[in-house]
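Here's the structure we're looking at; comments come further down.
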Amino acid sequence: MGLVLLVGVSGSGKSTFAARHFTPTQVVTSDFCRAVVSDDENDQSATADAFDLLHYIVNKRLRRGLLTVVDATNVQQKARQELVRVAKDNDVLCTAIVLDVPERVARERNRTRADRDFGDHVISRQRRDLRRNLKRLDKEGIRKVHILRGVEEIDSAVISYEKSWTDKRELTGPFDIIGDVHGCRAELEELLEELGYTIARDASGRATGARHPAGRTAVFVGDLVDRGPDTPGVLRLAMGMVADGDALCVSGNHENKLVRALKGRKVTVSHGLAESLEQLDAEEAEFRARVVHFCDGLISHYVLDGGNLVVAHAGLKEEYHGRASGRVRSFALYGETTGETDEFGMPVRLPWARDYRGKAAVVYGHVPTPEPQWVNNTICLDSGCVFGGRLTALRYPERQLVDVPAHRTWYASAKPFLDGDAAAPAAEADARASGVLDVGDVLDGNDVSGGGVETGHGRIRIARENALAALEVMSRFAVDPHWLLFLPPTMAPAPTSADPELLEHPAEAFAHYRSNGVGTVICQEKHMGSRAVAVVCRDAAAAERRFVPDSLGAVYTRTGRPFFSDPKVESEVLADLRSGIEAAGLWERLDTDWIALDGEMLPWSAKAEGLIRDQYASVGAAARAALPAAEAALAAAAGRGLDVGGLADRVARRTEGIEAFSRVYRRYSWPTDGAAGLRYAPFMVLAAEGRTFTDADHLWHMAVAERLAEACDLVRTTRYLVVDVTDPDATAAASAWWRDLVDAGGEGMVVKPLTGALARGRQGLAQPGLKVRGPEYLRIIYGPDYTEPDRMEVLRDRRLGRKSGLAMREHKLGLEALARHARGEPLWRVHQAVFGVLALESEPVDPRL
């Protein structure tokens, strides 16, 4: 990442050099830009517009972190200054490669080019400009200048790339990130031992290093020095660990100031610097020299673990990650302030973490805080050890905090951060900030131009208008958003049956999985109810910590709305589930104090009573009123000798069809009184504290549901059958089992890969499930007379591809939402995926599928 300026007179070979060493997309040429704006790359009258375009392209590329090479003469300081400014605006470093060829070589080359009709005086002028500025290039803000003299040196040059000093993405940990130490050596040693490190000591017993037996790496967030009792001891230990490869360290503002003081620069001796200088004066000159070398070499921040972790002393905004400039270093060392001071004389800091929306976790220190807490995927580990607080470390990727108490108050804080009343407002505000959704979090993440939502299984593109529709629904009708860790995806039906009298049959579901390399499936009874996600908390403390205070759970629909209109009914259902989970021992078995379940709430009428009455029962009532009259009229007509036999048969079939239609919805309706009469059939344990269960096979999920059903009358089990799809006898038996289910009035079954939600086929992630509905149930989907041959012929061409694709995209988003929630990511990150599921429901797909 950076800007490369090719510098040389016309004819020096810049374009040839660029083509040899860089890809075409990396190179931006002034000739190309001149041609774009004028259709003639030699039209000098278009030069101003051409360079406007060139600067625009360079700016866009650098903003995206792309290596960019400018192929122009760049021999005049003014031209270089503008490009260096663009690099600085994007916080990237600039390199110049000078192609210095003899003037006669440049003249000869230009004479052979028909498109170069300017005189030799132009080459002479350009060369004078080059020679005049050659020795001052590194003073213009250009980090490195490479001068290649003569044709031979240019032709033999080799380009090599070096990573930014901050780029340690190849280091994946695990890490132990340690907050501000401030000279508290004893507490640091105690914390390292608590973390499992073995401390090495010299002959005098001084700690000179520490190593973890499991190969973990410590990362210091800076401010090792000042204020505390033993700055030299802390430095000796940290420097030894870094030298041995057992630790990394970024610079803090106190190290920055200490270096300037030790180098004899004029600094204000305050904020504990006097203590460090006094302690270091008692050390040997060689040690002080090591301290200067170490602290002066500390960089602003590190990007670790594939870009998923950033460590900087005062934190770092997303647009600065991996970048290099004075502005980036200043932010990393000091944070962002308003320029004002508070009543304690301390800088008023801007709350950058409240607006942070980056993927990487940012771990920092600098500002003492009584209780470290995650705010928008950032956490401050400075818990004020030197002020009498604690020394804190974060285990990563475990996200576990480990701390030790200060042995005493070593330095009086100007701002009493341990005063609970004083600290509470800021801490509460930060906690709220982590849960506040911003419209940009949803729209920017889901905008087509923004690329959609990145999941662990690829990027899902979502139209902006669909995201807006989802936002409208969520903001007006949804449960408290803190409960919405997941929305169930839609499910695709099995491919259309080969049997001309059926739309769906298990044979096609088995064939689908078999052709995709999934050998074993589980067939689950499909309950005719309403999809319901239940989040159940063990106690109020669990709900307040992870979800919503003064509540013990939520039951919501697949569109995120409250399942029950009466909160008392929801409370009764949650109480039954909670007591059942307790009796089944699931809190202990799953090591959690909350559980999220996905299942069906029965009967269908519990949620769909209005729908049944208005859309289904009304049709049945109208048909039963009209068809007998039609039959009577046709009978009378037949009695008069009219030939109405065909029409009478059709009306009779319609009468039979409407009765069959009515029997279907009546089966799934029964009276309930509050929670009494309700049944819940869970088929998946979605998540618990710190983990999801998407990697468990369906037999595990079924076993948990059966264990819960034994302890809770509300819970109903799901019948299932494991099938080897490569065994014809097994698939035939499973098809017969499906026939028995639907003949007994069941809706049908769902066929799923046995290995679970993460099952993979030959083409990547496999469909999580295919529904195979019975022919009678399909009457309420397609109408009472859908089995008529002419209607069946039309329905068989159902175009299932769009529905299957939608189901897969929603499935991937659901997995991503659960994963983000389990990792403890902020609510807005979880909701990018959750809103994505709801937004996709606006896709133009036949709702009957």
Side-chain angles (χ1 to χ4, degrees), residues 439 442-455 457-478 484 486-497 503-504 508-509 512 526 530-531 556-561 607-608 611 614-616 619 747-748 750 763-773 777-783 786 790-817 831-849:
V439 65
V442 180
L443 298 185
D444 291 347
N446 290 334
D447 192 357
V448 170
S449 62
V453 179
E454 186 66 49
T455 77
H457 305 281
R459 188 177 292 272
I460 307 300
R461 304 186 71 86
I462 297 167
R464 182 181 179 87
E465 59 270 22
N466 291 355
L468 284 167
L471 182 64
E472 173 74 7
V473 172
M474 284 291 192
S475 61
R476 295 183 62 190
F477 305 115
L484 291 174
F486 173 81
L487 283 183
T490 190
M491 184 179 295
T496 302
S497 172
L503 285 180
E504 296 173 12
E508 280 67 35
H512 167 84
K526 195 173 190 308
S530 300
R531 195 73 171 266
Y556 56 87
T557 68
R558 67 177 305 267
T559 57
R561 306 182 189 214
K607 185 63 181 172
L611 178 70
D614 299 336
Q615 185 166 320
Y616 297 108
V619 172
E747 179 183 342
V750 178
Q763 300 174 345
L765 205 62
Q767 278 284 352
L770 295 175
K771 54 189 176 184
V772 186
R773 296 165 291 184
Y777 169 79
L778 288 175
R779 290 186 187 277
I780 64 172
I781 302 298
Y782 292 110
Y786 89 99
D790 56 339
R791 289 214 57 207
M792 181 67 82
E793 186 62 30
V794 172
L795 291 174
R796 290 182 62 80
D797 184 20
R798 295 188 293 171
R799 302 177 184 270
L800 299 177
R802 186 183 291 270
K803 178 72 170 184
S804 298
L806 178 64
M808 181 56 71
R809 284 183 288 157
E810 291 188 6
H811 175 54
K812 292 176 179 178
L813 287 168
L815 294 176
E816 181 65 19
H831 274 209
Q832 279 189 322
V834 170
F835 273 76
V837 174
L838 189 60
L840 288 177
E841 287 296 300
S842 299
E843 291 285 299
V845 175
D846 186 346
R848 300 174 299 176
L849 293 177

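Predicted model, so just to flag it, every value in this text is computed and none were measured.
For T496, there are no side chain to side chain donor-acceptor pair (under 3.5 Å) partners, not counting sequence neighbours. S842 pairs by the side chain to side chain donor-acceptor pair (under 3.5 Å) definition with nothing, not counting sequence neighbours. For E793, the salt bridge (charged side-chain N to carboxylate O under 4.0 Å, His left out) test picks out no residue, with sequence neighbours left out. Taking the side chain to side chain donor-acceptor pair (under 3.5 Å) definition, one finds that K771 meets it with nothing, sequence neighbours left out. Evaluation of the side-chain contact (heavy atoms from CB on, under 4.5 Å) rule for K812 yields T455, H457, I460, L765, M808 as partners, not counting sequence neighbours. Not counting sequence neighbours, the partners of R531 by the salt bridge (charged side-chain N to carboxylate O under 4.0 Å, His left out) test are D598. Residues passing the salt bridge (charged side-chain N to carboxylate O under 4.0 Å, His left out) test with R848, sequence neighbours excluded: D846. The side-chain contact (heavy atoms from CB on, under 4.5 Å) check on E843 picks up N466, L806, R809, L840, V845, with sequence neighbours excluded. Scanning for salt bridge (charged side-chain N to carboxylate O under 4.0 Å, His left out) contacts around E508 gives an empty result, with sequence neighbours left out. Looking at residues two or more places apart in sequence or on another chain, you find a side chain to side chain donor-acceptor pair (under 3.5 Å) between R798 and E504, Y782. The side-chain contact (heavy atoms from CB on, under 4.5 Å) test applied to D790 returns E788, not counting sequence neighbours.
In terms of heavy atoms, Y556 sits closest to F486 at OH-O, 2.8 Å. Heavy-atom minimum distance, P488 versus V837: O-CG1, 4.0 Å. Between Q767 and A807, the closest heavy-atom pair is OE1-CB, 3.9 Å. Annotation for L838 and A470: closest pair CD2-O, 3.8 Å, computed over non-hydrogen atoms. For the residue pair A494 and L800, the shortest heavy atom distance occurs at O-CD1, 3.5 Å. Between A839 and I462 the shortest heavy-atom distance is CB-CG2, 3.7 Å.
Once rounded to the nearest 0.5 Å, the distance linking CZ of R796 with OG of S497 reads 6.0 Å. Residue E816 holds its CD atom at 8.0 Å from CG of L813, rounded to the nearest 0.5 Å.
A distance-only check finds a donor-acceptor pair linking the side chain of H831 to the backbone of L484 [under 3.5 Å].
Ion pairing between R773 and E747 fails under the 4.0 Å rule for side-chain N and carboxylate O.
Within the structure, side chain to side chain donor-acceptor pair (under 3.5 Å) contacts touching residues 799-808 (residues at least two apart or in different chains) are T490-K803.
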| Full working for side chain to side chain contact (heavy atoms under 4.5 Å, CB included) between R561 and M474 | CA-CA 8 Å; R561 306 182 189 214; M474 284 291 192; over 6 Å; no
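Looking at heavy atoms from C-beta onward, L487 lies out of side-chain contact with E841 at the 4.5 angstrom threshold.
Figure legend: R791 and Y786 shown without cation-pi pairing, the cationic atom not lying both under 6.0 angstrom from the six-membered ring centre and within 45 degrees of its axis.
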